[in-house]
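Sending over a structure as C-alpha cells; questions will come in a sec.
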Amino acid sequence: EPEVTQTPSHQVTQMGQEVILRCVPISNHLYFYWYRQILGQKVEFLVSFYNNEISEKSEIFDDQFSVERPDGSNFTLKIRSTKLEDSAMYFCASNPALGEFLNEQFFGPGTRLTVL
Amino acid sequence: GESVGLHLPTLSVQEGDNSIINCAYSNSASDYFIWYKQESGKGPQFIIDIRSNMDKRQGQRVTVLLNKTVKHLSLQIAATQPGDSAVYFCAENIYGNKLVFGAGTILRVKS
C-alpha cells in the first residue's frame, strides 16, 4: 500500500541554522501539506500546496518558512533560521483530490525537529 | 524554557467495552469531518469520516455521529481492544483544503 514517507525521522539543529525537511508524497496525489505538532499539543496546519504553488498558509508559516517541490517527487519544508519554538514534530500529508478519497489526507510518520 | 503542553482528557476503558470519544467543533461552514488515531511517535492515521449532510456513518467497529445543531462529533469504538490505545483527534475540513484539528483525547484500554 502506498504511503507518505519523510526524512529524516529526527533532526537536531542549533538555533539560527537552516533546516530542510523532506517528504515524498503518494504518487499521483495532487495536494500536499505540512502540519506541525508541538509536544503534547494538537496538530496545526502550516501550508497547503497545489499545482506548484502555495494555495493556503497559516499565521505560523511566516517568512522563515518556505516549501518547494523540486523534482516532481519530493516536497520540502525549509526553515531558514530556526528558533527554539520551532521544535516540534512536522508532518507531511498528501491528498489525491479526486475520486472516493476526495478530501482524505494521508499523513507521513513525521520528522521530529529539535532546536538547541 | 520548556513549553507546557495541553492536558489532554483521558478515557480509560476495560478491554471489550465500548468507547465513546467526543469532540466539539467551531465552524458552522465545515462540510467534512474526520477522526484520526495517533499512536506514540507516529503520524495521524485516518479512521473514519463523515460529510455534513449525514448524521451517522459506520465502519468496521467504529461509528461516527454528527450533531450539527450543537456542533458535536463523536466516535464510538465497539469492543475496544488494547491496540486501540492511542490519542484520538477529530478534524474539520474547511473549504476542502486544510484540516483543523481538535485538542485530542487519550484512550487507554485496560486488559
Heavy-atom pair with the smallest gap, counting every atom of A/Q41 and B/F89: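 Smallest heavy-atom distance, with atoms named: O-CZ, 4.4 Å.
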Where A/V43 and B/P44 come nearest, the two heavy atoms and their spacing: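 Distance-wise, the nearest heavy atoms are CG2-CG, 4.3 Å.
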Heavy-atom neighbours of B/R108 CZ exceed 12 at 6.0 Å: no
Joint hydrophobic cluster, A/F45 plus A/L30, side-chain heavy atoms closer than 4.5 Å: yes
Side chain / backbone / both / neither for A/Q6 at chain B, heavy atoms under 4.5 Å: neither
Cluster link B/L8 to B/I20, ILVMFWY, side chain under 4.5 Å: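 In one cluster with B/L8: B/I20, no.
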Path from B/L73 to B/L65 over hydrophobic side-chain contacts below 4.5 Å: no
B/L99/A/Y35 under side-chain contact (heavy atoms from CB on, under 4.5 Å): CA gap, chis, key distance, verdict: CA-CA 9 Å; B/L99 291 177; A/Y35 291 81; 3.3 Å; yes
A/D62 CG: over 12 foreign heavy atoms closer than 6.0 Å: yes
Which atoms of B/Q38 approach chain A - backbone, side chain, both or neither, heavy atom under 4.5 Å: side chain
From CD (A/E104) to OH (B/Y32), nearest 0.5 Å: 5.5 Å
